[in-house]
There are 2 protein chains.
Amino acid sequence: MSEHNHIPLHSLKVSCSSCSLRELCLPVGLNREEMSQLDTVIRQSRRLKRGEYLFHSGESFKSLFAVRTGFFKTCVASQDGREQVTGFQMSGELMGLDGISTGNHSCDAIALEDSEVCELPFNRMETLSRDIPSLQHHFYRLMSREIVRDQNVMLLLGNMKAEERIAAFLLNLSQRLSTRGFAANDFILRMSREEIGSFLGLKLETVSRTLSKFQQQGWIAVDHKHIQLVKVDDLKNLISGCSHANGH
Amino acid sequence: MSEHNHIPLHSLKVSCSSCSLRELCLPVGLNREEMSQLDTVIRQSRRLKRGEYLFHSGESFKSLFAVRTGFFKTCVASQDGREQVTGFQMSGELMGLDGISTGNHSCDAIALEDSEVCELPFNRMETLSRDIPSLQHHFYRLMSREIVRDQNVMLLLGNMKAEERIAAFLLNLSQRLSTRGFAANDFILRMSREEIGSFLGLKLETVSRTLSKFQQQGWIAVDHKHIQLVKVDDLKNLISGCSHANGH
DNA sequence: CGGTACCTTGAGCGGCCTCAATCAAGGTGG
DNA sequence: CCACCTTGATTGAGGCCGCTCAAGGTACCG
């Protein structure tokens with residue numbers, strides 16, 4: 001019966017202290033006792049199927065969510081229906097920070113593959129962070145990091161050309177995957193061309209064309225969602241230097 | 001001598017409890033005693049001349065700053081020198097939240113007119129927020145609001161056409177000015193066309209042309225930096241509805 | 001008065017979008 | 001097993017929006 005719920009709850013109690021993501025996630029800098037206090041607050045983890053919503057925009061905000069396994073996108077919509085993907089989240093990354101502001105989520109969070117998240121009831125986190133200064137500090141840092149990340153996306157959307165955006169996107173993914181122990185130059189895209197385009201402010205055809213172009217130049221290998229980075233330095237040159245500066 | 005310092009310090013001690021901005025700024029929801037605790041933490045206010053930097057990107061982060069009077073822009077730069085204005089701040093708005101993340105400011109903050117700010121030493125704010133739950137909560141909300149704001153800018157930069165961006169920009173300014181008691185439909189731009197363009201992901205010529213276009217249509221009146229909104233509904237239609245929906 | 005910063009307007013070009021056709025992969029039912 | 005549909009990706013052709021380059025114009029200021 002519990003296996004057939006629409007929103008199945010994982011029966012195993014999760015534990016930060018034993019989680020392989022603790023270096024990437026919330027518990028950074030906590031000692032053992034503080035960690036076990038944190039454990040008492042974390043709710044059971046929740047499993048989601050591909051395509052399932054973790055939360056909807058407008059929904060009442062109760063909890064933050066940390067990705068344990070899987071892959072998510074978050075997106076905002078304007079009044080007239082236009083949609084913008086605001087980010088892609090992988091293991092150890094937090095979702096829902098936008099909801100604190102008004103008490104309602106301001107974006108949708110959708111699983112791009114079968115995933116598992118930890119639920120962090122916010123008011124309990126808030127109380128706990130008063131007793132654990134390093135947790136409070138880490139929380140402030142997390143939110144600040146999100147602001148910095150958003151500012152960099154603004155820079156990308158405001159200044160960069162299509163090729164530069166795609167290069168920056170691939171390199172960003174590569175970097176995040178490698179800090180999680182995955183291959184930096186050989187990975188599977190979890191999102192569609194349209195979702196990449198929505199995130200980067202491009203149409204899906206432009207994304208497709210640009211990937212093809214990179215492949216023709218021998219910089220990457222594309223096989224549907226399977227991407228291999230062949231000449232990372234050339235990709236980096238595209239975004240950090242002017243085009244006339246040739247690699248090394 | 002103090003008047004001729006490069007970074008002059010205003011000699012008057014500021015006080016949140018007597019500040020006309022207290023409904024817009026940090027003290028929201030504090031009782032009298034909490035407010036006086038906050039007062040002890042706020043440093044002397046600092047005056048800046050037009051064009052002066054409040055902080056530079058890369059500088060060590062010590063304090064947040066709240067605008068008392070005047071007008072600021074914040075901007076980030078990419079490695080190859082491209083610059084993106086990430087926001088304009090007016091009275092009661094906070095700057096520096098991005099610095100918490102790494103301990104260094106990640107953007108520049110520059111006064112667009114002679115201005116005055118309150119300095120909020122962050123580690124003292126952090127300590128104080130442990131004793132005043134409503135202050136802690138308000139801090140979380142402020143940071144979250146910044147995240148939501150950035151997401152909306154991302155939506156603008158990723159989805160909107162030039163006319164829509166300009167309309168959204170004017171309406172946003174109008175709204176913020178009116179909550180501060182200024183006229184909503186008659187104001188002076190504090191920033192140049194180029195700065196508007198940088199914020200909106202457009203070139204200054206496009207900004208200028210679009211403003212002229214709006215004027216020709218009788219939606220606004222433009223006299224250099226003096227802007228009057230004549231047909232607010234038409235501007236709103238431009239962004240929220242499809243163009244065929246005419247406002248009654 | 002000359003100098004400078006800023007704004008406006010025009011002409012032409014180019015990058016990305018739009019529209020559309022084709023193709024591959026996966027699911028379903030006969 | 002194949003016919004059929006759906007979904008997503010690729011590729012082409014053409015058009016438009018915003019950029020680039022350029023030439024004034026205007027306000028401010030030493």
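Chain A is the first sequence line, chain B the second, and so forth, proteins listed ahead of strands; every chain is numbered from 1. Only a predicted model underlies this, so the values are computations on that prediction, with no experimental measurement involved.
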Under 3.5 Å, is there any donor-acceptor pair linking the side chain of A:Arg209 to the base of C:dG15?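 Per atom types, no contact qualifies.
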Bounds of contact between DNA chain D and chain A, in 5' to 3' order, using a heavy-atom cut-off under 4.0 Å: D:dA9 to D:dA13
Is the phosphate of C:dT9 approached by B:Ser212 (side-chain N or O, under 4.0 Å from OP1 or OP2)? yes
Looking at [Y], is its backbone amide N or carbonyl O close enough to the side chain of [X] to form a donor-acceptor pair, meaning the two atoms are under 3.5 Å apart?
X        : Y        : answer
B:Ser45  : B:Cys118 : no
B:Ser60  : B:Asn104 : no
B:Arg165 : B:Leu200 : yes
A:Ser144 : B:Asp98  : yes

Can you find a pair of side-chain heavy atoms, one from [X] and one from [Y], that are under 4.5 Å apart?
X        : Y        : answer
B:Phe169 : B:Ile196 : yes
B:Leu156 : A:Gln84  : no
A:Ser106 : B:Gln151 : yes
B:Leu202 : B:Ile166 : yes
A:Arg180 : A:Ser91  : yes
A:Phe88  : A:Met191 : yes
B:Met95  : B:Leu64  : no

Give me the bend of the helix from C:dC1-D:dG30 to C:dG30-D:dC1, using the axes of the five pairs at each end, rounded to 10°. 30°
Identify, residue by residue, the members of residues 196-205 of chain A with a heavy atom below 4.0 Å from DNA chain C, and return them in order of residue number, or none.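 Going residue by residue through residues 196-205 of chain A, the ones with a heavy atom under 4.0 Å of DNA chain C turn out to be A:Gly201, A:Leu202, A:Lys203, A:Glu205.
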When B:Val148, B:Leu142, B:Ile147 are each screened for side-chain contact (heavy atoms from CB on, under 4.5 Å) with B:Arg145, the one that passes is B:Leu142
Pair A:Arg46, A:Glu116 - check salt bridge (Lys or Arg N to Asp or Glu O under 4.0 Å), show working. CA-CA 6 Å; A:Arg46 175 172 156 189; A:Glu116 195 176 348; over 6 Å; no
Give the residues of residues 214-230 of chain B touching DNA chain D, defined as any heavy atom closer than 4.0 Å, sorted by residue number. B:His224
Within residues 150-163 of chain A, which residues have any heavy atom lying less than 4.0 Å from an atom of DNA chain D?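 Close to the strand, none.
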If you look only at distance, which donor and acceptor atoms sit under 3.5 Å apart when one is on a side chain in residues 212-220 of chain B and the other is two or more places apart or in another chain?
from, atom 1, to, atom 2, distance (Å)
B:Ser212, OG, B:Ser208, O, 3.0
B:Lys213, NZ, B:Glu163, OE2, 2.7
B:Gln215, NE2, B:Val222, O, 3.2

To the nearest 0.5 Å, what is the distance between CG on A:Leu170 and CG on A:Asn185?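 The CG atom of A:Asn185 is 11.0 Å from CG of A:Leu170, to the nearest 0.5 Å.
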Given atom CZ of A:Arg82 and atom P of C:dC17, what is their separation to the nearest angstrom? 14 Å
To the nearest angstrom, how far is B:Arg193 atom CZ from C:dT9 atom P? 10 Å
